[in-house]
Amino acid sequence: MNTLPLKRYLIGFACLTVLILVYVFQKEWFYSGFYETGAASDKVADFDPWKFFLSKYARFLINDSMALGILWALFEEKKYMNFAFVVFLVEALVMMPVYVVGVIWYWDVLRWFLSHLHRLVVNPFFMMLLIPAFYYQKNISAR
């Protein structure tokens, strides 16, 4: 299903723009629950677990949806999109719950681990890692 390249690239550009906006305005748009960023930070005194949960899942869904859009714009093939969606589901159903539960109830013990897990899950790290993997796969299979 070959979509016009211009349409694909415009969608990819729009998704990239949304990712940049989410990153630039993350402190204004999303609840953090911490005084600063990183593992050395402490939760705010009136930390709201539900607000934290909803904010992190919203940001995750926006980031990974936009990353899926970028992957579609770059590769478009169904097999790549299916694999990317499986990665998305693993992040949503396994890694995000571990992260959210860990931050809400075990931050003091697991803060260093959770700080790194945040970068893997909340940021679209895995989705962006798929770009060179799919590019390599596509070029190897073309030989």
Can you see which heavy atom on [X] is nearest to which on [Y], and at what distance?
| X | Y | result |
| --- | --- | --- |
| Leu114 | Val98 | CD2-O, 4.3 Å |
| Leu19 | Met66 | CG-CB, 3.8 Å |
| Pro97 | Ala92 | CD-O, 3.3 Å |
| Ala84 | Leu68 | CB-CD2, 3.6 Å |
| Cys15 | Gly69 | SG-CA, 3.7 Å |
| Val121 | Met96 | CG1-SD, 3.0 Å |

Any donor-acceptor pair under 3.5 Å from Tyr31 side chain to Asp48 backbone: yes
Min side-chain heavy-atom separation [X]-[Y] under 4.5 Å:
| X | Y | answer |
| --- | --- | --- |
| Met128 | Ile70 | yes |
| Leu54 | Phe30 | no |
| Trp29 | Leu21 | yes |

Before we go on, tell me: are the rings of [X] and [Y] under 6.0 Å apart, centre to centre?
| X | Y | value |
| --- | --- | --- |
| Tyr80 | Phe83 | no |
| Tyr57 | Phe53 | yes |
| Phe88 | Phe60 | yes |

Is there a path of hydrophobic side-chain contacts, each under 4.5 Å between heavy atoms, that joins [X] and [Y]?
| X | Y | answer |
| --- | --- | --- |
| Leu130 | Val86 | no |
| Phe13 | Tyr23 | no |
| Leu129 | Val94 | no |
| Leu117 | Leu61 | yes |
| Phe85 | Ile11 | yes |

Roughly how far, to the nearest 0.5 Å, is [atom2] of [Y] from [atom1] of [X]?
| X | Y | atom1 | atom2 | answer |
| --- | --- | --- | --- | --- |
| Phe52 | Tyr99 | CZ | OH | 4.0 Å |
| Leu71 | Met81 | CG | CE | 6.0 Å |
| Lys79 | Gln137 | NZ | CD | 6.0 Å |
| Asn63 | Gln26 | CG | CD | 9.0 Å |

Plane angle bin for Phe134 and Phe75 - parallel if under 30°, tilted between 30 and 60°, otherwise perpendicular: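 Rings of Phe75 and Phe134: perpendicular, as their planes differ by over 60°.
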With Glu76, the salt bridge (charged side-chain N to carboxylate O under 4.0 Å, His left out) member among Arg8, Lys138, Lys7: Arg8
